[in-house]
Amino acid sequence: MNRFVKLVNFELSRFMKIYLVLVAMTVVVQVTGVIVKANKYMSKANTAIYEEMLSRTEFIERYGQMGFMDVTRSLWFMGPIAICTAALIFYVFMIWYRDWFGKNTFIYRLLMLPTARLNVYLSKLLSIFLMVLGLVSVQLIILPLENSVLKWLVPTDFRSDMTVSQIINGNPLSMLVPQTFTEFVLYYGAGFMALTIVFTAILFERSFKWKGIIAGIGYVAISVVIFILPVLSMFIVGRAYLYPLEILGLETAMGIIVTVMSIWVGNYLLNKKITV
Amino acid sequence: MKRYWKLMAIITVVVLTVGTFYIQSSLSANGYPEILFKKISGDKNELDPVVLDGLYRSECGTNVDERVKVTAEGTTYEREQSFLERISGSFFGNNLQELKEKHRGFMRGKSGRASSFYETDSTLAYAAVNNQSARAPKSDMEFDVAVMDKEKDETTSFTVPVPNRAMYVQAWVEDVQIIDGELKVITQNYLRDGGEEKHMYRVDISNKEISGEETIAMAGNQGENAYSRVHLLASPDRIGAHSYVIFSTTKEARKQEPDNAQMKAKKRNQKFIVYNLKTGEQNFAKAPDSLTDKDVFMYKQTTLYFRDNQHVIKYNTETDEIIDKLELPAQDEGDKQKDRQTTVEIVDGKMYMLQSQVESSLVPGNAPVLTIMDADSGDVLYKGEIVSEKPIDNNASLDIYGLLIK
């Protein structure tokens with residue numbers, strides 16, 4: 001256990017610099033976005049009121065109030081999220097390949113550690129997963145701050161206030177932070193499963209090289225088919241024999257099966273087939 | 001521990017933030033306005049079967065519409081449901097939801113239209129048309145039939161091809177009844193040549209075959225300049241046993257007339273087909289001229305119910321007589337009358353009526369009014385306003401428009 005915790009901490013440390021840069025970038029760009037959007041709106045209001053001689057109410061009628069939605073719809077807000085997502089997806093692969101392609105094949109040392117090789121797999125898995133959740137948390141922490149920045153820059157008459165939940169619900173953000181905790185667990189559970197599938201596919205490639213690429217793709221395909229089997233069966237039969245809750249139950253079971261299978265296959269490959 | 005601070009930090013941040021967020025959002029979900037029945041007169045126990053259906057629209061940038069369900073017990077907003085409640089789709093617990101809970105096995109894989117079901121104390125039956133595809137050149141339409149004997153807990157189910165299915169593009173089941181051991185299915189059939197038919201199929205349950213069929217009415221183009229329509233009138237006991245179905249038929253000119261004139265002409269030409277499911281007899285009825293400016297909103301046995309903003313009138317198609325006239329309570333005097341919207345439902349001898357102004361708000365004095373009356377005597381059993389406990393946000397609106405009686 002102790003060695004596993006050490007390994008996770010080690011994996012986190014290796015990416016920590018880039019990770020903190022991602023966090024800082026998100027905060028800076030998003031807050032800048034709020035300021036830019038708010039200023040743009042206010043300067044439009046000033047021009048309209050002082051040059052075109054519109055009254056406040058006329059201006060609001062014509063252009064609407066400023067809401068946080070104007071910020072979230074812009075590239076200022078979604079851009080950093082997209083960059084972070086891309087960076088983490090990239091690192092899902094790099095977390096393995098850097099050990100082979102870095103100087104003096106680090107994987108050799110990792111695999112020689114006096115601990116089960118499964119721990120290497122699980123520690124990489126957990127650190128990616130934690131980093132994803134960490135970025136989501138950062139977004140949840142800075143949202144109320146950004147909301148206050150907006151309130152601070154735009155006078156009450158000109159803005160329509162929203163709570164953090166409202167901001168999230170009417171937005172692609174609701175994919176990252178779904179409405180209920182049950183959904184949160186299900187979404188991230190599915191994400192965790194996807195991670196294990198990809199990790200195992202990578203290990204197929206690392207074990208059998210070129211043939212392994214095909215094996216890896218095949219493994220992903222099989223996992224996906226197993227996972228969507230309950231839904232697939234309804235399309236084949238053409239009728240909804242199962243009630244929605246039964247589908248959910250079956251999907252959860254399938255998800256657990258696929259996750260366990262992936263970790264087990266990954267463990268087998270690491271122990272028996274991996275080549276350095 | 002100090003050595004693992006990175007791991008500890010990230011776990012702490014995640015747990016605290018995500019935890020706080022979901023706890024907070026579950027607490028703040030109670031920020032919705034609670035809607036109350038404010039009694040003016042009568043007995044509030046009459047409210048038990050009443051479910052009001054509304055729409056909450058919050059214009060916080062996103063214009064999210066949410067449905068709202070109001071009962072005497074409380075107000076439920078769509079977003080207040082848990083995830084499991086949401087996916088099981090039980091928000092608007094209608095008759096089918098109840099059937100699904102009571103007869104889980106029987107209801108499995110059955111399509112969701114109430115008109116496909118028939119239920120009495122001893123029997124539950126279902127009929128629907130499968131394999132409908134308007135595009136396929138060949139038709140594979142078949143009846144999917146299931147009958148359950150509730151006492152023995154036995155289910156007979158089978159499929160049988162729709163007779164002459166090559167003629168039809170689609171067929172929809174509008175009513176299912178069992179009369180003298182025989183399943184009768186009323187359908188709306190769409191013909192390949194563009195016409196429409198009201199059809200009755202007799203299904204022999206023990207031999208699992210179609211034992212007869214009959215065209216009740218046809219509609220569609222009537223020459224170049226006119227077309228006709230036929231539709232089944234609403235009935236409060238579609239699922240229960242009944243021995244009559246009543247259709248309305250209208251002929252319309254294919255002319256560019258102002259809407260108003262067209263509506264009037266349409267109503268003048270409206271005829272009713274009273275079909276006796278037991279004997280297969282058809283009677284044509286035409287409402288007296290005094291009723292042509294009123295809407296038919298339901299029927300029960302052979303009685304049609306007409307209404308306008310002031311009255312509900314019962315008209316017996318067998319004797320051609322107006323048998324009863326009920327005056328609706330006036331809500332407000334003056335010119336506001338015109339803008340009133342009234343929803344009326346009659347269930348089990350009681351009339352439920354929801355009246356609201358077009359610009360109504362949920363503030364006492366200008367709020368929608370719910371009245372429950374005895375459908376025969378016209379006695380008011382309950383009258384009350386529908387008000388919001390706290391004022392609704394400037395950026396939001398809440399409309400109560402529907403009335404559902406359990």
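Chain naming here is simple, since letters A, B, ... match the order of the sequence lines and numbering starts at 1 in each. Keep in mind that this is a model prediction, so the values were computed, not measured.
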Undergrad: Checking B:Tyr22 against chain A: side chain, backbone, both or neither under 4.5 Å from a heavy atom?
TA: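 It is the side chain, since no backbone atom gets that close.
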Undergrad: Let me know if A:Glu11 has heavy atoms under 4.5 Å from chain B in its side chain, its backbone, both or neither.
TA: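 Contact with chain B is absent: no heavy atom of A:Glu11 under 4.5 Å.
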Undergrad: Relative to A:Phe15, does A:Lys17 satisfy both conditions: NZ or CZ under 6.0 angstrom from the six-membered ring centre, and within 45 degrees of the ring's axis?
TA: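 No.
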Undergrad: Residue by residue, which of residues 10-17 of chain B have a heavy atom closer than 4.5 Å to a heavy atom belonging to chain A?
TA: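 Result: B:Ile10, B:Ile11, B:Val13, B:Val14, B:Thr17.
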Undergrad: Looking only at heavy atoms, which two atoms of A:Val71 and A:Phe77 are closest? And how far apart?
TA: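 It is O-CB, 3.3 Å.
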Undergrad: Between the side chains of A:Asp157 and A:Arg56, is the shortest nitrogen-to-carboxylate-oxygen separation below 4.0 Å, so that they form an ion pair?
TA: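 So A:Arg56 pairs with A:Asp157 through a salt bridge.
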Undergrad: What I want to find out is whether A:Glu246 reaches B:Arg104 closely enough, with some N-O distance under 4.0 Å, to be called a salt bridge.
TA: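 Answer for the salt bridge query: yes.
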Undergrad: Which one wins on heavy-atom pair count under 4.5 Å against chain B: A:Ile247, A:Asp70, A:Leu126, A:Leu245?
TA: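 Greatest number of close heavy-atom pairs with chain B: A:Leu245.
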Undergrad: Please name the pair of heavy atoms, one in A:Ala45 and one in A:Phe158, separated by the smallest distance, quoted to 0.1 Å.
TA: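 Smallest interatomic distance, heavy atoms only, reads CB-CE2, 4.2 Å.
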Undergrad: When the ring planes of A:Phe184 and A:Phe181 are compared, do they come out parallel, tilted or perpendicular, using 30° and 60° as the limits?
TA: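 Rings of A:Phe184 and A:Phe181: parallel, under 30°.
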Undergrad: Pick from A:Ser127, A:Gly67, A:Pro178: which one has the most heavy-atom pairs with chain B under 4.5 Å?
TA: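 Top count of heavy-atom pairs under 4.5 Å with chain B: A:Pro178.
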Undergrad: Which bit of A:Val8 is near chain B, if near means a heavy-atom gap under 4.5 Å: side chain, backbone, both or neither?
TA: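 Contact with chain B is through the side chain of A:Val8 alone.
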Undergrad: Where does A:Leu186 contact chain B at under 4.5 Å (heavy atoms): side chain, backbone, both or neither?
TA: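 Just the side chain, heavy atoms under 4.5 Å.
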Undergrad: Ignoring hydrogens and geometry beyond distance, is a side-chain donor-acceptor pair present between B:Gln188 and B:Gln170 at under 3.5 Å?
TA: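 Result is no, nothing qualifies.
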Undergrad: Salt-bridge test for B:Arg238 and B:Asp175: reply yes if a basic N is under 4.0 Å from a carboxylate O, no otherwise.
TA: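 Salt bridge present between B:Arg238 and B:Asp175.
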Undergrad: Need one label for A:Ile168: side chain, backbone, both or neither, based on atoms under 4.5 Å from any heavy atom in chain B.
TA: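 Looking at A:Ile168, just its side chain touches chain B.
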Undergrad: Between A:Asp99 and A:Lys124, is there a salt bridge with N-O shorter than 4.0 Å?
TA: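 Looking at A:Asp99 together with A:Lys124, the answer is yes, because their closest N to O distance falls below 4.0 Å.
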Undergrad: When the aromatic ring centroids of A:Tyr41 and A:Phe59 are compared, is their separation below 6.0 Å?
TA: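 Yes, the ring of A:Tyr41 comes within the 6.0 Å limit of the ring of A:Phe59, centre to centre.
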Undergrad: Examine whether an atom of A:Phe129 lies under 4.5 Å from a heavy atom of chain B, and if so say whether it belongs to the side chain, the backbone or both; otherwise answer neither.
TA: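 Neither; nothing under 4.5 Å.
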Undergrad: So which part of A:Val177 gets closer than 4.5 Å to some heavy atom of chain B, the side chain, the backbone, both or neither?
TA: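 Backbone plus side chain of A:Val177, per the 4.5 Å heavy-atom cut-off to chain B.
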